[in-house]
Amino acid sequence: MSGESATRITPGNALRPEDVAERVAGGVKVGEDVGEYALRLGDDALILAQRLGWWISRAPELEEDVALGNIALDLLGHARSFLTYAGSAWGKTEDDLAYWRGEPEFRSCFLVEQPNGDFGKTIARQLVFSIFQHELYSRLVDSADETIAAISAKALKEVDYHRDHAIQWTIRLGDGTEESKRRIQAGLDSVWPYVAELFQDDDLIERLGGVAARPSEMREPFDALMAQVLDEAGLELPDVQPAMTGGRGGKHSEHLGYILAEMQVIAREHPGATW
Amino acid sequence: MATQTQSPRDTQLQPVPSAEDEAGQAYFDKIIAEDSRIEPADWMPAGYRKTLTRQISQHAHSEIIGMQPEANFITRAPSLKRKAILMAKVQDEAGHGLYLYSAAETLGTPRDELFDQLLSGKAKYSSIFNYPALTWADMGAIGWLVDGAAIVNQVPLCRASYGPYGRAMVRVCKEESFHQRQGFEILLELASGTPAQKQMAQDAVNRFYAPALMMFGPNDDESPNSQQSMRWNIKRFSNDELRQRFVGMIQEQVKVLGLTLPDDKIRFNEETGKWEYGELDWNEFYEVLKGRGPCNAQRMERRREAHENGAWVREAAAAYAAKKAQKAQVA
């Protein structure tokens with residue numbers, strides 16, 4: 001990590017949620033396939049932000065309240081941009097999509113829906129997701145869709161920090177005390193069944209060609225960095241079977257219902273209201 | 001992590017002042033008379049150090065406990081934009097806690113010790129956070145009234161005679177001012193929304209008005225420590241002066257919101273040039289202070305729980321750092 005701010009916006013090629021909203025208001029409209037793809041990107045970021053937001057005021061150190069809060073805020077920013085863009089396919093806003101869709105309409109993966117558990121499990125989930133997301137955005141900066149490319153350009157700088165945070169904590173916990181080693185290993189074991197889903201190709205990916213990043217191609221660099229981190233941390237690569245999943249097709253874990261119930265409750269008590 | 005350092009206080013509690021102490025006192029008095037700044041390495045009276053340590057750490061504790069009522073709504077914020085703003089705000093509060101603990105540490109008490117004082121109940125935090133945040137509108141009322149009262153209290157503290165405190169307050173006040181504006185904006189949006197939203201906003205203002213006024217502390221004749229703090233240029237205005245200023249401010253702003261304050265005695269007294277308001281329920285204030293507010297137990301339990309659940313993480317970080325240091329030494 002250099003000393004530059006992870007959240008500084010580079011003029012020209014990085015889009016904030018407000019910029020995307022402006023483009024959409026100006027008539028930019030995506031096709032349904034790109035919209036569907038943007039939903040996947042947005043929903044992963046939104047659900048993980050929702051999970052991480054819980055930690056603010058509950059972290060092991062004040063510095064971690066700030067760090068986890070910052071990561072959650074970055075992810076929420078990505079979610080807002082991608083959902084705003086996705087919504088242009090169906091004439092919906094980011095809030096229409098976040099608050100008024102039911103479980104089967106969400107496109108998030110199982111991994112981000114997993115409960116926070118202890119700090120070890122949260123870091124394990126962060127490690128997997130940030131390495132994956134880093135590979136993803138590194139490719140999407142070259143997407144044939146210029147809005148997706150621009151959102152990814154801003155997000156990539158932030159995810160670079162998220163990945164660094166997760167790697168540093170994994171090493172610290174792996175090489176800290178007996179207890180921390182046991183906990184981070186247990187965390188990795190418990191999220192590992194949901195890793196395979198991140199790297200599955202499907203028809204949408206085939207149809208989108210140069211717009212999307214091909215998940216299966218990211219598995220090798222993911223495994224390589226993961227092996228390096230686990231080696232340095234003195235941890236074992238989990239020997240756990242992948243679970244049957246289906247988040248991209250709207251089939252979710254049991255957890256999502258509770259996440260949405262909490263996230264959507266106030267908005268749904270006041271249909272038509274603005275905030 | 002916690003190291004037992006000898007506090008500079010310990011060396012100053014000597015019955016007979018040494019020549020060094022006398023010279024130190026003379027320098028201190030001169031700095032105060034000039035309305036200039038005392039810095040950490042300067043000599044200072046034991047009482048000054050103690051008062052500041054208590055005040056700054058209480059302020060830090062208030063920031064940390066104050067995260068809770070708002071953090072409650074992060075997962076439920078009714079729009080993604082509001083969720084982002086609220087997350088950033090609660091994160092700022094953790095940041096304020098960090099600056100303030102650092103400022104307090106310059107007086108010789110380590111953060112872990114200050115934290116233990118909070119967890120053991122020995123140290124206090126602002127009573128306002130022992131009231132519950134019940135609806136989304138409370139996010140607005142807390143921003144507008146609670147952060148608003150905090151600003152009125154804290155702007156004069158930017159000129160506090162203790163350098164690290166004054167400088168920390170400059171940054172804190174800038175962020176608080178943003179927080180207050182976002183709280184006002186939440187209420188404005190609600191007040192111009194549906195009847196249910198407007199009702200929610202009015203209800204929140206009704207509940208937070210009196211507790212916010214009590215944030216300035218007891219009436220002047222009930223506040224014995226204030227005079228000494230004013231002589232030391234820590235405090236610049238009395239509790240009642242600040243409270244009157246705040247009432248004048250919010251009674252103008254509430255008109256813009258199209259809401260009302262739950263106090264029909266508010267008036268500007270032309271003769272005294274001061275704002276007047278209805279009698280506050282100081283009985284309630286002291287009850288909450290003694291731990292019998294609606295959320296005292298809940299707030300402390302949550303803080304202790306976070307601290308205890310995080311113990312293994314802090315131990316791991318310390319063990320890892322020690323291993324690293326050892327390796328560096330060998331190499």
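Lettering follows sequence order; numbering is per chain, from 1.
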Please rank [options] by heavy-atom pairs under 4.5 Å with chain B and give me the top one.
options: A:Ala273, A:Gly174, A:Ala59; result: A:Ala273
options: A:Ile123, A:Leu73, A:Ile171, A:Leu46; result: A:Leu73
options: A:Glu269, A:Arg183, A:Arg268; result: A:Arg183
options: A:Arg80, A:Arg51, A:Glu178; result: A:Arg80

Measure [X] against the heavy atoms of chain B and call it side chain, backbone, both or neither at under 4.5 Å.
X: A:Ala79; answer: neither
X: A:Phe119; answer: both
X: A:Trp55; answer: neither
X: A:Ala72; answer: both
X: A:Val66; answer: both
X: A:Ile56; answer: both

Looking only at heavy atoms, what is the nearest atom pair of [X] and [Y], with distance?
X: B:Leu80; Y: A:Leu76; result: O-CD2, 3.9 Å
X: A:Ile266; Y: B:Pro78; result: CG2-CB, 3.9 Å
X: B:Lys323; Y: A:Gly176; result: NZ-O, 3.0 Å
X: B:Arg314; Y: A:Pro60; result: NH1-O, 2.8 Å
X: B:Met87; Y: A:Gly53; result: CE-CA, 4.1 Å

Give a yes or no on this: more than 12 heavy atoms of other residues, nucleotides or ligands lie within 6.0 Å of atom [atom1] of [X].
X: A:Glu22; atom1: CD; answer: no
X: B:Lys81; atom1: NZ; answer: no
X: B:Glu301; atom1: CD; answer: no

Looking at A:Glu63 and B:Arg111, is there a salt bridge between them, counting it only when a charged N and a carboxylate O are closer than 4.0 Å? yes
Is the shortest side-chain heavy-atom distance between [X] and [Y] below 4.5 Å?
X: A:Trp275; Y: B:Leu190; answer: yes
X: A:Ser57; Y: B:Arg302; answer: yes
X: B:Gln91; Y: A:Asp65; answer: no
X: A:Glu64; Y: B:Val313; answer: no
X: B:Asn309; Y: A:Asp118; answer: no

Can you tell which part of [X] gets under 4.5 Å to a heavy atom of chain A, answering side chain, backbone, both or neither?
X: B:Ile65; answer: neither
X: B:Lys324; answer: neither
X: B:Met200; answer: side chain

As an exercise: rank [options] by heavy-atom pairs under 4.5 Å with chain A and give me the winner.
options: B:Leu98, B:Thr194, B:Val90; result: B:Leu98
options: B:Lys83, B:Gln68, B:Glu70; result: B:Lys83
options: B:Ala319, B:Ala71, B:Ala84; result: B:Ala84

Ignoring hydrogens and geometry, is there a side-chain-to-backbone donor-acceptor pair from B:Gln197 to A:Thr274 under 3.5 Å? yes
For A:Gln50 and B:Thr75, indicate whether the former's side chain and the latter's backbone hold a donor-acceptor pair under 3.5 Å. yes
A:Thr177 and B:Glu315: side-chain donor and acceptor closer than 3.5 Å? no
Find the distance between CZ (B:Phe115) and CD (A:Glu61) and round it off to the nearest 0.5 Å. 8.0 Å
Atom pair CZ/CH2 of A:Arg182 and B:Trp312 - distance to nearest 0.5 Å: 8.5 Å
